[in-house]
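Read the structure below first, then the notes.
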Amino acid sequence: AIGNSSSSSGSAATMIGYDADSTAAADYSVGLGAYADTANYGEIRFGSGNKNDYRNSMVTLRGSTADETSTILYTNGVSLNEWVLGIGDAVFVKATVFGFDETAGETAAYTVTGAAINASGTTTISNASTTVIHEDDASWDVALTANDGTDTFRFTVTGDASNTVKWIIKVEILEVT
């Protein structure tokens, strides 16, 4: 940690900023600036100058599909690391998605946007929109959905029926609590 009263408690976490309460608490996370506390695996959070009310963050999701089954992507690629919305939290999400099938030499690129809210314990997505930038295989897909049971938003991808497709998603998150 660098800065007056900044701290890092997550594994391989880094905090650069100024605030007695700024902590990079999530594993492999980075907090930059005042009030840039991190709470999600692999998160990069930019300080907003206002403690915990407004958040500007970014995470990378990754994983692969071995067939045409929809698959959830996570921040570390293998476990249940998802962005949890507390009661009363709302987010706007903008994602850049890229898939690559090395065997067939096919690729796909998408942008996905949407808003999620946890209103009194019910988490929903509104106005999710996917734009296809490029798609060699029209059966591939990406979707932004909410999981009300865990109060999270998630991205699912669908790849090729017979080849492995590697996926990466850069997710930009604006959050108001």
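Predicted model only: the values in this text are computed from it and were never measured. Values below: every heavy atom of this structure, side chains too, minus hydrogens, waters and symmetry copies.
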The single option from Ile133, Val112, Leu144, Val171 passing side chain to side chain contact (heavy atoms under 4.5 Å, CB included) against Val97:
Val112

Just so I know, are the side chains of [X] and [Y] near enough to count as touching, which here means a heavy-atom distance under 4.5 Å?
| X | Y | value |
| --- | --- | --- |
| Asp160 | Glu68 | no |
| Val84 | Thr150 | no |
| Arg55 | Phe46 | no |
| Asp141 | Val157 | no |
| Ile168 | Phe98 | yes |
| His134 | Asp136 | yes |
| Glu43 | Tyr41 | no |
| Val91 | Leu85 | yes |

Donor-acceptor contact present, side-chain [X] to main-chain [Y], <3.5 Å:
| X | Y | answer |
| --- | --- | --- |
| Thr14 | Val30 | no |
| Arg62 | Asn76 | yes |
| Asp101 | Glu106 | no |
| Arg45 | Asp37 | yes |

In Å and rounded to the nearest 0.5 Å, what is the [atom1] to [atom2] distance from [X] to [Y]?
| X | Y | atom1 | atom2 | answer |
| --- | --- | --- | --- | --- |
| Thr152 | Asn147 | OG1 | CG | 4.5 Å |
| Thr60 | Ile44 | OG1 | CD1 | 6.5 Å |
| Leu73 | Ile169 | CG | CD1 | 4.5 Å |
| Asp67 | Ser162 | CG | OG | 9.5 Å |
| Ser8 | Ile16 | OG | CD1 | 8.5 Å |

Results of side-chain contact (heavy atoms from CB on, under 4.5 Å) for Ala12 - residues two or more places apart only:
Tyr28

Check the side chains of Thr38 and Ser29 for a donor-acceptor pair under 3.5 angstrom, ignoring hydrogens and angles.
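Indeed, the side chains of Ser29 and Thr38 share at least one donor-acceptor pair under 3.5 Å.
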
Could you tell me if Thr158 and Trp140 have a donor-acceptor pair between their side chains, going purely by distance under 3.5 Å?
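Not at all, the side chains of Trp140 and Thr158 share no donor-acceptor pair under 3.5 Å.
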
Over all heavy atoms of both residues, which pair between [X] and [Y] is shortest? Give the atoms and the distance, please.
| X | Y | answer |
| --- | --- | --- |
| Phe92 | Lys94 | CE2-CB, 4.1 Å |
| Ile87 | Gly121 | CG1-N, 3.8 Å |
| Ala24 | Ala13 | O-CB, 3.5 Å |
| Ser9 | Ala25 | OG-CA, 3.3 Å |
| Thr164 | Ser64 | CG2-CB, 4.0 Å |
| Trp167 | Gly159 | CZ2-CA, 4.1 Å |

Count I, L, V, M, F, W, Y as connected when their side-chain heavy atoms are under 4.5 Å apart, and connections chain through other members. Are Val176 and Val59 then in the same cluster?
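They do not share one cluster, since no chain of ILVMFWY contacts under 4.5 Å joins Val176 to Val59.
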
Which pairs, with at least one residue in residues 111-132 and sequence neighbours excluded, count as a side chain to side chain donor-acceptor pair (under 3.5 Å)?
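Side chain to side chain donor-acceptor pair (under 3.5 Å) check on residues 111-132 returns Thr123-Asp151.
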
Can you list everything that forms a salt bridge (charged side-chain N to carboxylate O under 4.0 Å, His left out) with Glu82? Sequence neighbours excluded, please.
Arg154

Classify the ring geometry between Phe155 and Phe153 as parallel (under 30°), tilted (30 to 60°) or perpendicular (over 60°).
perpendicular

